[in-house]
Amino acid sequence: MSNSKFPPIDRLLRGVSTGHVETVRDAWREALADKSEALPLVLEKLNSPAWSENPRGPLAEYFGILLSLLDELDRPAFASEITRLKAVKLHPAHKRTLDLLSERLNDSPAARVGPDVPVYIASVLHNHADICASLEKWSKTKGLSLEQVTRIDVIPLTPELDFVGLYRVNISGIVLVWPRQEDRNGLVRWFSRLYREFTFYHEVGHHLCGHLESGSIAEQEYEADKEGFRFMRRAHPIKMSLAIAVLWPIAQVLKAYKRLAK
């Protein structure tokens, strides 16, 4: 455990209250690294009369993050605490959070990849075996590390989504978007699979680079892209070499055209 005078759970809540992503991330990782010490601290925080009162300031966020962490620490303890909390008086805001998070009891990891990272796949996606096989293969790419990634969530592609992948900086989690059905066109299907693979490597790149800011930060996206292409070259050396051989001359022509057009 850390030498900090504040236990990881206290630092986690302090990070939430101040919006300090690095504090939240580090405290979350530390809690998962020593579950036996973190578990009773989380249960102690949840066993408080404060949850029956009107949540002021960050209290609403505290309740949700404590329950989420408990689920990561110990699923049986999480289930038991859900049952206990449903029997006590809670403020309506906390009750809504409880009802929402209790749905996790119906979820279980579809697979575990890398150093025992759980993979959660949305129930509406029916190609679980293909998704698990892809993630298992990608996670074994030379030089790739999923150390301290806490979970991977695979969600369905929907019209309102404006991203195909996401790195959840506060908990070091990865979210991937997957189509409900593969395209029937063979070329489109092949390209889509390669793009999903690159997206996975890109989000891992955010993790490996230690990025802490949410949203599309140009410098961070560039660094994650570099990592993504590095892993793509290792996973597909021949395909990537051919792609570079074909696309590089085209890129040079386009650059020359832009210079002449100025």
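- With sequence neighbours excluded, the residues that form a side-chain contact (heavy atoms from CB on, under 4.5 Å) with E147 are P115, S145.
- Counting side-chain heavy-atom gaps under 4.5 Å among Ile, Leu, Val, Met, Phe, Trp and Tyr, the cluster of V177 also holds I155, L157, L161, F163, L166, V175.
- Legend: residues meeting salt bridge (Lys or Arg N to Asp or Glu O under 4.0 Å) with E227, ordered by chain and number and at least two apart, are R230.
- Identified under the salt bridge (Lys or Arg N to Asp or Glu O under 4.0 Å) test for residues 113-141, with sequence neighbours left out: R112-D116, E136-K140.
- Evaluation of the side-chain contact (heavy atoms from CB on, under 4.5 Å) rule for R180 yields V124, L125, P156, T158 as partners, not counting sequence neighbours.
- Between H207 and Y167, the ring center distance clears the sub-6.0 Å criterion.
- With no hydrogens or angles considered, no side-chain donor-acceptor pair links S172 and R25 at under 3.5 Å.
- Among residues two or more places apart in sequence or in another chain, the side-chain contact (heavy atoms from CB on, under 4.5 Å) test is passed with R104 by S68, D71, E72, R75, F78, L101, R151.
- Atom CZ of R84 sits about 7.0 Å away from atom CG of L46, to the nearest 0.5 Å.
- Applying the side chain to side chain donor-acceptor pair (under 3.5 Å) rule to pairs touching residues 195-205 yields T141-Y201, E182-R196, E197-Y201, E197-H236, H202-H206, H202-E221, H202-D225, sequence neighbours excluded.
- The two residues S139 and F200 come nearest to each other via the heavy atoms N-CE2, 4.2 Å.
- Salt-bridge annotation for R11 and D26: absent, with no side-chain N of the basic residue lying under 4.0 Å from a carboxylate O of the acidic one.
- Residues satisfying the side-chain contact (heavy atoms from CB on, under 4.5 Å) criterion with A77, sequence neighbours excluded, are L39, L70, D74.
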ask   = Where do H211 and E223 land on the side chain to side chain donor-acceptor pair (under 3.5 Å) test, with the steps shown first?
value = CA-CA 9 Å; H211 293 157; E223 291 177 348; 2.6 Å; yes
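- Looking at residues two or more places apart in sequence or on another chain, you find a side-chain hydrogen bond (donor to acceptor under 3.5 Å, both in side chains) between H20 and T23.
- Every residue two or more places apart in sequence or in another chain that forms a side-chain hydrogen bond (donor to acceptor under 3.5 Å, both in side chains) with K95 is listed here: D99.
- If you chain together ILVMFWY residues whose side-chain heavy atoms come under 4.5 Å of each other, L100 ends up in a group of its own.
- Taken to the nearest 0.5 Å, the NZ atom of K142 stands 6.5 Å off from the CZ atom of R234.
- L98 approaches L90 most closely through the heavy-atom pair CD2-CD1, 3.6 Å.
- Residues meeting the side-chain hydrogen bond (donor to acceptor under 3.5 Å, both in side chains) test with S108, sequence neighbours left out: none.
- Among all heavy-atom pairs drawn from P8 and A27, the shortest one is O-CB, 3.3 Å.
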